[in-house]
Every structure is written in structure tokens, then in C-alpha cells.
Amino acid sequence: MNNGMIECSVCHSKLVSPTTKSISRAYDRHKSRVSSKYRALNVFLVVGDCILVGFQPILVYMCKVDGKFNFSPISVNFLTEIAKVFFAVVMLLIQARNQKVGEKPLLSISTFVQAARNNALLAIPAFLYAINNYLKFTMQLYFNPATVKMLSNLKVLVIAVLLKVIMKRRFSIIQWEALGLLLIGISVNQLRSLPEGTTALGLPVTMGAYIYTTIFVTIPSLASVYNEYALKSQYDTSIYLQNLFLYGYGAIFNFLGILGTVVIKGPDNFDILRGHSKATMLLIANNAAQGILSSFFFKYADTILKKYSSTVATIFTGIASAVMFGHTLTMNFVLGISIVFISMHQFFSPLSKVKDEQNGVLEMHGIHDKQRSKESFINMAAGANEEASHRMVLDERQPLLPK
């Protein structure tokens with residue numbers, strides 16, 4: 001992309017690069033015309049995301065031995081990205097095999113190079129995800145799985161602000177109130193959740209937890225918004241081709257992290273399979289499936305729906321954590337979950353969108369009214385001119401004085 005222009009992958013002509021406002025408007029128009037097929041896709045995405053996200057913190061907790069990890073978290077992230085790259089390649093081969101006659105080959109060098117140029121922005125979320133995936137393991141050292149899941153819900157508010165700033169998305173007042181209610185629910189759940197007198201990394205656990213929580217919330221929120229922007233800005237590009245770039249960048253960044261660990265801690269850390277168990281293999285499979293599902297959320301749905309669907313997994317995580325590990329479901333957790341679900345219902349309620357839709361309807365009516373008034377004015381003016389000219393002709397034929 002040069003000077004706001006991009007090159008078409010088919011005819012190689014120069015096109016104006018889509019702006020954030022145009023992408024937001026295109027998304028709104030697409031959302032208003034959503035079919036039953038896409039509604040079914042959204043339901044599938046939400047249900048699948050709830051299951052995968054609900055199991056993720058539990059699997060991470062199961063991987064701990066005596067309160068720590070015997071493996072390198074970066075190795076898990078690297079293997080996860082490799083698994084996702086393999087999936088993207090397989091799906092690309094299947095999609096290329098089912099292409100119709102006359103379509104440009106997906107696997108041609110020119111298509112690949114042009115798509116790589118147009119999707120270079122995917123390197124940003126890939127780098128941010130590499131950092132965030134490491135933080136997921138660090139957070140488990142401070143909180144139990146249910147609490148980690150609740151803290152991740154803070155991303156919803158951050159994402160909403162970023163969508164407002166970066167993609168020019170609009171939210172109604174009721175939706176902002178729902179997000180504020182979400183924060184209240186999370187705060188209620190977090191009351192007295194940290195053990196007192198514990199230290200880590202030379203800092204009080206509360207201070208270290210707050211620092212990691214801030215990073216844990218901000219970085220993936222930026223990654224999600226940039227990922228949605230990058231995928232939607234190249235909407236005609238195959239999602240599997242975009243995923244290949246995204247996961248490829250992620251594998252590169254995590255491999256660089258492994259090399260950094262080898263330099264700092266020694267060559268033994270180059271063994272990426274050291275310390276892994278069946279639980280870590282399940283974790284890798286779960287993370288890979290979760291990442292693949294997320295790409296469909298960002299391209300065909302939106303980030304807010306993704307994060308709220310992850311919120312639904314909170315109750316599953318809490319109950320499973322209590323059954324499997326004996327963690328107590330406190331009254332704070334029950335109240336917090338209740339407030340979170342009220343917030344979610346309020347955010348997606350049709351009443352929260354009435355004002356925006358009415359404004360849009362009123363705006364359209366206003367445009368039509370202006371057009372009608374303008375047309376009627378033109379018609380009236382034309383009629384008046386015609387009548388005046390007609391009268392002028394009649395007056396010329398009539399005598400000046402009555403007989």
C-alpha cells in the first residue's frame with residue numbers, strides 16, 4: 001500500500017485503500033443484511049467458543065506441577081501456531097481444489113505475493129498475540145482459573161473504546177452502560193480473591209497481579225481490534241490465506257522468543273518438547289482450535305460478540321474448576337456472574353439499538369423528505385413556469401380591451 005492506494009490482486013490496478021470509517025460502514029451494511037446462514041454461523045461460533053475458552057484456563061491449571069510449569073510456555077505457543085499453520089495449509093489445498101473454472105488460482109505465486117503485501121498488517125496482532133499467550137500462563141500463577149476468566153472479561157470495555165477510536169464504531173448509551181455494569185460484576189467477583197502476604201518476583205502479589213492484569217487486558221484488546229481491522233479490510237481474500245499469514249507471523253515471533261530463552265537460560269531450553277505431558281498436548285489442541293475459531297469471529301462477526309461469548313464460558317469454568325480442583329464458588333462469584341449476564345443481555349438487547357436505528361431511519365426519512373421537497377419544488381417551479389408561459393400565450397391572443 002502506497003500513499004493510501006492498494007493494488008488489485010486480479011487486474012493489478014490501483015485502488016483507494018479502505019479507511020476505518022468505510023470499513024465500519026461496510027460492516028454495518030453487511031450486518032443489516034445478515035442471512036440465516038450467517039446467524040447459524042454466529043450460533044456455532046458462540047457455542048464453540050464457550051466450550052474452548054471454558055476449558056482453556058482449566059487445562060493450563062492442570063499443566064502446573066507444584067505451582068509451576070515444567071515446560072516453557074513459549075514452546076506451547078510455538079507448537080500451537082505450527083498446528084494452526086498446518087490447518088490453514090490443509091484448508092487452502094481443499095479450497096483450491098474446489099475452485100471454479102476461470103477463478104484466479106489461490107496457490108499461484110502472484111496471488112500469494114499480492115495477498116502477503118495486502119495483509120502485512122496481520123504482523124501486528126500476531127506479535128501482540130505472542131506476548132498475550134505467554135501472559136496467560138503467568139496469570140495462572142496469581143489467580144485460579146475462574147478468576148483468570150473473569151479478569152479477561154475486562155477486555156470488553158477496552159475493546160469497545162479501541163473500536164470507537166480505531167474503527168469508528170458507534171455504541172448507544174445503553175450499551176456503554178452495559179459495559180459499565182460488566183465492570184461492576186467483575187469487581188464484585190474479585191473482592192478478596194488474592195491471598196494476603198504472598199510475594200512473587202520480589203513484589204507483593206497484589207501489585208504484581210495488578211501489573212500483569214493491566215498488560216493482560218490491554219495487549220490482547222489491541223490485538224483483537226487490529227486483527228478484525230486487518231481481516232475485514234481485505235474481505236475478499238480467503239480467510240485461510242489470511243490465517244496462514246497470521247499464524248506464520250505468530251510462529252516466527254514465538255520461535256524468536258525460544259531463541260531468546262536459549263540465549264538467557266542456556267541451550268537446554270531449545271528442546272521445545274521438554275516437560276510436556278498429555279495435558280499440554282490437549283492445551284495445544286484447544287488453543288489452536290480457539291485461535292482458528294477467533295479468526296472467523298473477527299472476519300464474519302465482530303470482536304464484541306467474541307468477547308461476550310467468552311464471558312458465557314465463565315460460569316462453565318467456575319463450576320468445572322470447583323468440581324475438578326475443589327475451588328470454592330463464593331457468593332461474590334455468583335453475584336458477579338449474575339451481573340455479567342445482565343450486562344450481556346442489556347448490551348445485545350434490541351432496546352439498546354433502538355436509538356441508533358431510529359436515528360438511521362430518521363436520517364433516511366430526512367434525506368427522502370429533502371429529496372421529495374426538492375423534487376416538489378422543482379416540479380412546482382416547472383409547473384409555474386409552464387403555467388406562466390401558457391398564460392403569456394393566452395394573454396397575447398386576447399384583446400387588450402373587452403369588446
Side-chain angles (χ1 to χ4, degrees), residues 9-10 37-38 40-53 55-56 59 74-123 125-127 129-130 132-133 223-224 227-228 230-258 272-273 276 278-301 306 309:
S9 59
V10 179
K37 178 181 178 181
Y38 281 103
L41 175 63
N42 288 343
V43 172
F44 171 77
L45 292 176
V46 170
V47 173
D49 191 64
C50 289
I51 296 174
L52 296 174
V53 174
F55 270 115
Q56 197 268 343
L59 291 174
I74 300 179
S75 66
V76 172
N77 299 332
F78 175 73
L79 293 174
T80 299
E81 297 300 327
I82 293 298
K84 292 191 289 187
V85 167
F86 178 77
F87 174 82
V89 170
V90 171
M91 295 306 298
L92 263 178
L93 293 174
I94 296 175
Q95 190 177 27
R97 197 171 184 179
N98 295 329
Q99 275 190 298
K100 298 179 181 179
V101 179
E103 293 182 350
K104 189 172 182 179
L106 277 173
L107 302 180
S108 66
I109 298 177
S110 60
T111 301
F112 186 86
V113 172
Q114 189 59 49
R117 291 176 181 174
N118 294 340
N119 291 274
L121 187 62
L122 289 171
F127 175 71
Y129 280 135
N132 174 66
N133 291 334
S224 298
N227 197 6
E228 180 178 350
L231 291 174
K232 281 188 168 69
S233 62
Q234 300 294 325
Y235 198 84
D236 292 333
T237 305
S238 169
I239 187 173
Y240 302 115
L241 192 57
Q242 289 178 308
N243 284 344
L244 180 61
F245 298 133
L246 178 64
Y247 305 148
Y249 289 136
I252 292 173
F253 290 132
N254 281 285
F255 184 73
L256 293 176
I258 293 175
I272 60 176
L273 297 179
H276 287 276
K278 293 181 180 179
T280 58
M281 293 297 106
L282 290 175
L283 178 62
I284 290 171
N286 180 278
N287 288 350
Q290 186 179 336
I292 294 168
L293 203 66
S294 296
S295 65
F296 284 87
F297 262 106
F298 297 141
K299 183 156 185 173
Y300 299 113
K306 167 68 176 70
S309 71

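Only this structure's heavy atoms are used, side chains among them; waters, hydrogens and symmetry mates stay out.
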query: What do the steps show when you test L52 against N287 for side chain to side chain contact (heavy atoms under 4.5 Å, CB included), and what is the final call?
result: CA-CA 8 Å; L52 296 174; N287 288 350; over 6 Å; no
- request: Kindly compute the distance separating CG (L241) from CG (L246), expressed to the nearest 0.5 Å.
  value: 11.5 Å
- prompt: Does N254 reach the main-chain N or O of G250 with its side chain, forming a donor-acceptor pair under 3.5 Å?
  reply: yes
Stepwise side chain to side chain contact (heavy atoms under 4.5 Å, CB included) test for S295 and Y247: CA-CA 10 Å; S295 65; Y247 305 148; 3.7 Å; yes
- prompt: Mind checking whether S294 and K306 have side chains closer than 4.5 Å, heavy atoms only?
  reply: yes
- prompt: Which atoms form the tightest heavy-atom contact between S238 and Q95, and what is the distance?
  reply: OG-OE1, 2.6 Å
message: What's the separation between atom CG in N118 and atom CD in Q242, rounded to the nearest 0.5 Å?
response: 9.5 Å
task: Taking K232 for its side chain and F298 for its backbone only, find out whether a donor-acceptor pair lies under 3.5 Å.
output: yes
- request: Mark yes when over 12 heavy atoms from residues, nucleotides or ligands other than I109 sit less than 6.0 Å from its CD1; otherwise mark no.
  value: no
Kindly list each side-chain donor-acceptor pair under 3.5 angstrom involving residues 74-92, sequence neighbours excluded, with atom names and distances?
residue, atom, partner, partner atom, Å
S75, OG, S72, O, 2.4
S75, OG, I272, O, 3.4
S75, OG, H276, NE2, 3.1
N77, ND2, P73, O, 3.3
T80, OG1, V76, O, 2.8
E81, OE2, K84, NZ, 3.2

statement: One should read off an interatomic distance between Q290 CD and L293 CG, to the nearest 0.5 angstrom, of 8.5 Å
- request: Working to the nearest 0.5 Å, report the span between OG1 of T280 and CG of N286.
  value: 12.5 Å
field: Short side-chain to backbone donor-acceptor contact, N133 and Y129, under 3.5 Å
entry: yes
- request: Sequence neighbours left out, what passes side-chain contact (heavy atoms from CB on, under 4.5 Å) with A96? Give chain and number order.
  value: Q99, L106, L107
- prompt: Where is the tightest heavy-atom contact between L283 and Q56, given as atom of each residue plus distance?
  reply: CD1-O, 4.0 Å
task: Give a yes or no on this: more than 12 heavy atoms of other residues, nucleotides or ligands lie within 6.0 Å of atom CZ of F253.
output: yes
message: Looking at N227 and A223, would you say the former's side chain and the latter's main chain have a donor-acceptor pair under 3.5 Å?
response: no
- prompt: How many angstroms lie between atom CZ of F127 and atom CG of N132, to the nearest 0.5 angstrom?
  reply: 12.0 Å
Contact check, side chains of V46 and F297, non-hydrogen atoms, under 4.5 Å: yes
statement: Closest non-hydrogen contact found for Y249 with A126 is CB-CB, 3.4 Å
query: Rounded to the nearest 0.5 Å, how far does CG of L244 lie from CD1 of I239?
result: 12.5 Å
statement: On a heavy-atom basis, the closest approach of N119 and A230 is OD1-O, 4.2 Å
